[in-house]
Chemist: 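One structure, pasted below without further comment.
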Amino acid sequence: MKEIFGCACCGGDFGRIFRSNRAVQTMASSDPSTALPIIPGILTRRDVLKGGIATLGTLSLVSCGSESNGVAATVFTGGTILTVDTDFSEAEAIAIRGNTIIAVGSDADVRAAAGANAQVVDLAGRTMLPGFIDAHTHVISGSVVDAIMDYVGMAKYGTTAEVLDHIAASAARTPAGEWLVFRNFDPAVQEGLDALTFNELDSISTEHPIFVFNASGHLAYANSRAFEVAGIPDDVENPPGAEFVRDTDGNLTGIMKNNVAFLQVLSAYPALATADPVEALIRLLSKWSQHGLTTVSELSLGGLSQSPADTEVMLSAAGSGRLSARIRAYPFYTVPTEEWDTAGVEPGTGNALARVAGYKLVADGSNQGFTGLQREPYLDSDSRGLAYMSADELREVALDRAGKGWQLAIHGNGDAAIDNVLDACEALRDAGIDMSKVRPRIEHCSILHDEQISRMKELGVSASFLIGHVHYWGVAMRDEVFGEEKAQLLDRCRSCEQAGVGFSVHSDFMVTDPVPLHMIEMAVTRKTWKEPKYVLAPQERISVETAIRAVTSEAAWQLFSEHEVGSLEAGKLADFVILEKDPRAVEVDKIKDIRVLETWMDGAK
């Protein structure tokens, strides 16, 4: 029997996980009209209109930096500098001053622009690229989960046995009584047992409460000690729409379905109550610097507190001066539009470090969870999936938000969902809305037909592909979800490129981890994790240069940030990475192995 589940990040239910968190409780109870903290340099569009020219000057100064008198420039030369400009040109040298790129070009011209006092850095044959950008992540709620749960997903562990070994090793080094909590276990792709029960987890420890979160976000597993600490009795009743799974003898197994069940256990975990969302966000982005990320995104702003107060977390982190990457955020549709408007959250709220970029809508669920909305039933099924928003609701909210100046990012996995998204975009155009200002993008854009690509081109719609669908779930898409023929329509990067439809590739963290070099390799090779020699839809493979654009310049454009990041050009912010090797010069199967030597954001390493 197929386990049916939705997209954990794309429904309001995920936020229930954080209800016991003290900071979230405070945020959720705050007055929406005063939700935004007052932080120097972080303003709303309303502030700019009130403050006139003086306010605009302040915002420009804080957001983009200025050429400080007496600050020497730094020249980088002696390596391969890939600007990722329109022509994907190479430069001999680049100079920065403060947080701004001041010159790019020949060694002589750049040195002249930098001045006699410039510091010169020899790249020693290494490769410089614009800082990597992940156009679709969930960093605010995801950072809290990452801070309190240990990753046991497929990127590290190929089998259930390996996961259990890791849990056992964690138990061996952790004092008795302390919780052991893990995330991203996915038996749908990790070989071995289909579930973890009291039998497996109690054999590891009955002295530590153990909790394992399924990658779907809709299942969890725990040992008997966790049930005991949480006060779950043997005769516990199933909550509506959820289940404490029992065996054929009626005994609890430790498997829990739906968050209203497993939150009764997880809520007893002390770290969940005490986690600091601002600190968690700062630490997560610091950790991601090792992968060369300088701009990330939040595609479900409001998902943590189920209120506009999530904006406070982002802006407070930005105001700390400790963020290692920029954030572009999208208020989430599960929080009513009027609450965002009352809170003063508008397009452009923030600055160059952390800014609200657009509005997020959701047309359907997850293909691998059989809730993506399809034109035809799933393989060996009568189900066509679920519409998270009806076609009428999607159109109405899109018209409201776009009419008020919002860019739209709309989640669409199944082909029928993408039909609904494109119908909504057509309604925008027919209403006289300037589509070049809306820049609608389809999130994941998984199953795509030729005529849909043509419509995207006509309507000015771009795609953002979760490329991990190909690598990690490609075999499952072929054998369990769609069948061979329809699986060929997954993540059609090359077809979009040929049609002139722009696209980015993303991680959808926490679905997969944001490792841009690996994402580049996935898009270039389209090899699958479960069958390494199998290439899913080889006709959709793209060049290394195109894949680099998908995590730099194209991603910046989708985030309305192409004027400041995404390429190495004079006047843009000094965000870049230095790699051990040129991704174009290594075997395509080795791109992910290239070392990121340095990550610079805002002119600082």
Side-chain angles (χ1 to χ4, degrees), residues 72-85 88-104 107 110-111 114 118-134 137 155-156 282-296 322-326 505 507 509 513-524 544-545 547-553 555-556 565-569 572-605:
T74 301
V75 173
F76 296 83
T77 188
T80 301
I81 299 173
L82 304 180
T83 66
V84 197
D85 61 7
F88 211 96
S89 58
E90 294 187 35
E92 292 181 352
I94 182 172
I96 67 172
R97 179 179 285 115
N99 70 343
T100 305
I101 299 170
I102 61 171
V104 182
D107 187 84
V110 168
R111 287 177 185 262
Q119 177 186 359
V120 178
V121 175
D122 183 5
L123 290 172
R126 298 171 295 179
T127 297
M128 178 187 287
L129 283 165
F132 293 131
I133 300 170
D134 194 328
T137 63
K156 285 187 178 179
I282 292 169
R283 290 173 185 170
L284 179 69
L285 299 191
S286 177
K287 182 169 68 173
W288 285 358
S289 290
Q290 67 182 303
H291 302 307
L293 281 162
T294 56
T295 300
V296 299
R322 295 161 54 209
L323 273 190
S324 302
R326 306 180 193 281
V505 297
S507 69
F509 172 81
D513 278 356
V515 185
L517 286 169
H518 195 193
M519 292 192 291
I520 290 170
E521 181 179 314
M522 292 178 198
V524 170
V544 175
E545 289 190 357
I548 288 172
R549 286 192 187 279
V551 292
T552 54
S553 59
V565 296
S567 61
L568 302 178
E569 299 180 80
K572 291 193 176 184
L573 296 168
D575 294 3
F576 54 88
V577 295
I578 298 174
L579 306 180
E580 175 189 28
K581 298 176 181 177
D582 183 345
R584 305 170 305 172
V586 302
E587 295 178 19
V588 292
D589 292 331
K590 302 294 184 183
I591 294 173
K592 65 179 176 299
D593 300 325
I594 297 172
R595 288 190 300 149
V596 177
L597 302 177
E598 297 180 15
T599 301
W600 291 64
M601 196 280 291
D602 217 37
K605 181 167 62 171

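Residues take their numbers from the sequence shown, with the count starting at 1. Bear in mind that the values here come from a model prediction, so they are computed numbers and not experimental data.
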Chemist: Return the minimal non-hydrogen interatomic distance between I102 and A73, and the atom names on each side.
Modeler: CD1-CB, 3.9 Å
Chemist: Just so I know, are the side chains of F576 and I101 near enough to count as touching, which here means a heavy-atom distance under 4.5 Å?
Modeler: no
Chemist: Taking all non-hydrogen atoms of both residues, which atom of V110 and which atom of V104 are closest, and how far apart?
Modeler: CG2-C, 3.8 Å
Chemist: Tell me which donor-acceptor pairs under 3.5 Å the side chains of residues 124-133 have, and how far apart each pair is, sequence neighbours excluded?
Modeler:
unit_1, atom_1, unit_2, atom_2, d
R126, NE, L123, O, 2.7
T127, OG1, D582, N, 3.2

Chemist: Check the pair K590, E587 against salt bridge (charged side-chain N to carboxylate O under 4.0 Å, His left out), reporting the backbone distance first and the verdict last.
Modeler: CA-CA 5 Å; K590 302 294 184 183; E587 295 178 19; 5.6 Å; no
Chemist: Given V120 and R111, is the side-chain contact (heavy atoms from CB on, under 4.5 Å) satisfied, shown in steps?
Modeler: CA-CA 9 Å; V120 178; R111 287 177 185 262; 3.6 Å; yes
Chemist: Could you tell me whether the side chain of P514 reaches within less than 4.5 Å of the side chain of L293, counting heavy atoms only?
Modeler: yes
Chemist: Decide yes or no on side-chain contact (heavy atoms from CB on, under 4.5 Å) for L579 and V596, but give the supporting numbers first.
Modeler: CA-CA 5 Å; L579 306 180; V596 177; 3.8 Å; yes
Chemist: So, do V565 and T294 sit near enough that their side-chain heavy atoms are less than 4.5 Å apart?
Modeler: no
Chemist: Please output the side-chain donor-acceptor pairs of residues 74-83 that fall under 3.5 Å, not counting sequence neighbours, one pair per line with the distance.
Modeler:
unit_1, atom_1, unit_2, atom_2, d
T77, OG1, E92, O, 3.1
T77, OG1, D107, OD1, 2.7
T83, OG1, D85, N, 3.3
T83, OG1, D85, OD1, 3.3
T83, OG1, D85, OD2, 3.3
T83, OG1, S89, O, 2.8
T83, OG1, S89, OG, 3.1

Chemist: Please identify each residue that fulfils side-chain hydrogen bond (donor to acceptor under 3.5 Å, both in side chains) with K581, with sequence neighbours left out.
Modeler: none
Chemist: Show the nearest heavy-atom pair for residues K605 and E598, with the distance to one decimal.
Modeler: CD-OE1, 3.5 Å
Chemist: Provide the closest heavy-atom pair for T137 versus V296 in the form atom of the first, atom of the second, distance.
Modeler: OG1-CB, 4.1 Å
Chemist: Show the numbers, then the answer: is there a side-chain contact (heavy atoms from CB on, under 4.5 Å) between L573 and D602?
Modeler: CA-CA 6 Å; L573 296 168; D602 217 37; 4.1 Å; yes
Chemist: In the structure I gave you, are the side-chain heavy atoms of I548 and F88 within less than 4.5 Å of one another anywhere?
Modeler: yes
Chemist: Please tell me if the side chains of D134 and M519 come closer than 4.5 Å, counting only heavy atoms from C-beta onward.
Modeler: yes
Chemist: What's the separation between atom CD1 in I96 and atom CD in Q119, rounded to the nearest 0.5 Å?
Modeler: 9.0 Å
Chemist: Listed by chain and number, what are the side-chain contact (heavy atoms from CB on, under 4.5 Å) partners of A155, not counting sequence neighbours?
Modeler: Y151, Y472
Chemist: Heavy atoms only: give me the nearest A325-M601 pair and the separation to one decimal.
Modeler: N-CE, 3.9 Å
Chemist: Considering residues at least two apart in sequence or located in another chain, which fulfil the ring pair (Phe, Tyr, Trp, His ring centres under 6.0 Å) criterion with H291?
Modeler: none
Chemist: When you measure from the side chain of T599 to the backbone N and O of S289, does any donor-acceptor pair fall under 3.5 Å?
Modeler: yes
Chemist: Between I282 and L323, is any pair of side-chain heavy atoms under 4.5 Å apart?
Modeler: yes
Chemist: Output the distance between atom CD1 (I94) and atom CD (E569), rounded to the nearest 0.5 Å.
Modeler: 9.5 Å
Chemist: Could you work out, with side-chain contact (heavy atoms from CB on, under 4.5 Å) as the rule, every residue matching K287, not counting sequence neighbours?
Modeler: D146, L284, Q290
Chemist: So do I578 and W600 actually touch side chain to side chain, heavy atoms under 4.5 Å?
Modeler: yes
